[in-house]
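One structure is given here, and the rest of the page talks about it.
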Amino acid sequence: MQFYDTEIASPLFLGTAQYPSPAILKAAIAASGTDVVTVSLRRESAGGSGSGFWDLLRDTGCRILPNTAGCHSVQEAVTTARMARDLFQTDWIKLEVIGHSDNLQPDVFGLVEAARILADDSFQVFPYTTDDLVVGEKLIEAGCRVLMPWGAPIGSGQGLRNPDALRAMRAHFPDVPLIVDAGIGRPSDAAQAMELGMDAVLMNTAVARAGDPVAMARAMALAVQAGQLGHGADPMPRRDMAVPSTPILGRAELI
């Protein structure tokens with residue numbers, strides 16, 4: 001897989017917030033096999049915990065994908081992104097412009113505006129967006145070469161609430177990397193996303209808040225791999241009626 005001309009081996013991206021301890025975070029990252037971890041600039045800067053947390057992330061060998069979590073305006077998101085580039089020394093940015101305080105739905109108008117500003121400033125933007133095709137087209141026009149449609153609201157664990165919309169996005173943007181971001185709660189959700197032909201999934205809460213984050217990280221890694229293999233194997237279509245798996249021809253007849 002390539003994201004902005006960078007090859008990534010694992011289709012599982014992992015967030016770094018809410019883990020019970022730094023040791024569990026590090027073990028979960030290792031168990032997931034991920035190549036990319038996301039981190040909020042606010043988390044890195046808050047409370048003086050910065051240097052130890054940053055050292056932990058560097059020790060994993062993963063690529064850092066900073067995000068603009070918690071930003072509710074274009075100016076706030078752009079400023080945060082520029083600060084993150086200075087701190088983490090990367091042009092990658094996961095762009096969030098939140099429009100609704102309850103369901104954390106993206107402000108798609110502000111998102112497109114912020115994406116255009118950042119793309120013009122040589123950022124490689126990973127926009128957290130809805131599953132709307134028109135919004136996706138506007139983001140591509142703004143300079144994004146990756147789209148990150150939500151599966152469900154952030155931290156809800158509801159899985160893929162509208163798989164048909166994600167399937168339509170895959171068909172509409174066949175050459176654009178698609179990463180399902182937000183809503184993944186169980187390994188089956190991750191497998192379903194990959195079966196739809198997504199290029200990757202990004203999750204945080206599903207792993208960090210599990211009873212055993214390390215075991216869940218491993219389960220998610222296996223689920224993503226299974227879904228990817230399943231998609232590549234061209235699954236059988238759904239049918240409206242039963243079809244016998246045992247041939248009728250040659251069946252014994254009782255007289």
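- Nearest heavy-atom pair across Pro106 and Thr130 is CD-CG2, 4.0 Å.
- Under the 4.5 Å side-chain contact rule for hydrophobic residues, Met169 and Val180 share a cluster.
- By the neighbour-count criterion of 12 heavy atoms within 6.0 Å, atom CZ of Arg63 is densely surrounded, having more than that number from other residues, nucleotides or ligands.
- In this structure Phe123 satisfies the ring-ring contact (aromatic ring centres under 6.0 Å, His included) test with no other residue, sequence neighbours excluded.
- Partners of Gln2 by side chain to side chain donor-acceptor pair (under 3.5 Å), not counting sequence neighbours: none found.
- Under the 4.0 Å criterion applied to side-chain N and carboxylate O atoms, Arg161 and Asp189 are not assigned as salt-bridge partners.
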What verdict does the side-chain contact (heavy atoms from CB on, under 4.5 Å) test give for Leu104 and Trp150, after you've listed the backbone C-alpha separation in whole Å, the side-chain angles of each residue and the deciding distance to 0.1 Å?
CA-CA 11 Å; Leu104 304 181; Trp150 67 347; over 6 Å; no
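- Interatomic distance, OG of Ser32 versus CG of Leu14, reported as 5.0 Å (0.5 Å rounding).
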Name the atoms and distances for all side-chain donor-acceptor pairs under 3.5 Å in residues 211-233, with sequence neighbours left out.
{"residue": "Asp212", "atom": "OD1", "partner": "Val214", "partner atom": "N", "Å": "3.3"}
{"residue": "Asp212", "atom": "OD1", "partner": "Ala215", "partner atom": "N", "Å": "3.1"}
{"residue": "His231", "atom": "ND1", "partner": "Glu195", "partner atom": "O", "Å": "3.1"}

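- Classified by interplanar angle (parallel below 30°, tilted 30° to 60°, perpendicular above 60°), the ring pair Phe3/Phe13 is perpendicular.
- Following chains of ILVMFWY side-chain contacts shorter than 4.5 Å, one can reach Leu139 starting from Leu166, so the two form part of one hydrophobic cluster.
- Between Ser156 and Pro153 the shortest heavy-atom distance is OG-O, 2.8 Å.
- Connection of Tyr128 to Val125 is not established within any shared hydrophobic cluster, with ILVMFWY side chains joined at heavy-atom distances below 4.5 Å, either directly or through further cluster members.
- A continuous path of ILVMFWY side-chain contacts below 4.5 Å connects Met194 to Val36, so both sit in one hydrophobic cluster.
- Judged by distance alone, the side chain of Thr68 and the main-chain N or O of Cys71 form no donor-acceptor pair under 3.5 Å.
- Listed by first and then second residue, the side chain to side chain donor-acceptor pair (under 3.5 Å) pairs involving residues 106-116 amount to none (not counting sequence neighbours).
- Nearest approach of Val176 to Arg145, heavy atoms of both residues: CG1-O, 3.9 Å.
- Hydrophobic clustering places Val201 together with Val37 (ILVMFWY residues linked when any side-chain heavy atoms are closer than 4.5 Å, directly or through intermediates).
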Using the rule given for side-chain contact (heavy atoms from CB on, under 4.5 Å), can you reason through Asp35 versus Cys62, listing the C-alpha separation, both sets of side-chain angles and the distance that settles it, and then say yes or no?
CA-CA 5 Å; Asp35 295 316; Cys62 294; 5.8 Å; no
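- In terms of heavy-atom proximity, Leu57 sits nearest to Thr60 at O-OG1, 2.6 Å.
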Using residues 85-97 as the side-chain source, report each donor-acceptor pair under 3.5 Å to any protein atom, sequence neighbours left out, with the distance given to one decimal.
{"residue": "Arg85", "atom": "NH1", "partner": "Asp91", "partner atom": "OD1", "Å": "3.4"}
{"residue": "Arg85", "atom": "NH1", "partner": "Asp121", "partner atom": "O", "Å": "3.0"}
{"residue": "Arg85", "atom": "NH2", "partner": "Asp121", "partner atom": "OD2", "Å": "3.0"}
{"residue": "Gln89", "atom": "NE2", "partner": "Asp86", "partner atom": "O", "Å": "2.6"}
{"residue": "Thr90", "atom": "OG1", "partner": "Trp92", "partner atom": "N", "Å": "3.1"}
{"residue": "Trp92", "atom": "NE1", "partner": "Gln124", "partner atom": "OE1", "Å": "2.8"}
{"residue": "Lys94", "atom": "NZ", "partner": "Glu96", "partner atom": "OE2", "Å": "3.0"}
{"residue": "Lys94", "atom": "NZ", "partner": "Asp181", "partner atom": "OD2", "Å": "3.0"}

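- Within the 3.5 Å criterion, the main-chain N or O of Gln75 finds a donor-acceptor partner in the side chain of Thr79.
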Run Ile140 and Leu147 through side-chain contact (heavy atoms from CB on, under 4.5 Å) and show every step you take.
CA-CA 8 Å; Ile140 297 298; Leu147 297 176; 4.2 Å; yes
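- In this structure, NE2 on His100 lies 11.0 Å from NE2 on His72, to the nearest 0.5 angstrom.
- The distance from atom CG of Leu111 to atom CD of Gln105, rounded to the nearest 0.5 Å, is 11.0 Å.
- The side chain to side chain contact (heavy atoms under 4.5 Å, CB included) search around Glu141 returns Lys138, not counting sequence neighbours.
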Step-by-step side-chain contact (heavy atoms from CB on, under 4.5 Å) determination, Glu7 to Met1
CA-CA 6 Å; Glu7 291 187 2; Met1 296 170 293; over 6 Å; no
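- For Ala190 against Met203, the heavy-atom pair with the smallest separation is CB-CE, 4.1 Å.
- Note that the CZ atom of Arg167 and the CG atom of Asn162 stand 9.5 Å from one another [nearest 0.5 Å].
- Rounding to the nearest 0.5 Å places CG of Leu202 at 7.0 Å from CG of Leu65.
- No donor-acceptor pair under 3.5 Å is formed between the side chain of Ser40 and the backbone N or O of Asn67.
- Between the CD1 atom in Ile184 and the CD atom in Gln158 there is a gap of 11.5 Å [rounded to 0.5 Å].
- When all heavy atoms of Ala119 and Ala142 are compared, the pair lying nearest together is CB-O, 3.4 Å.
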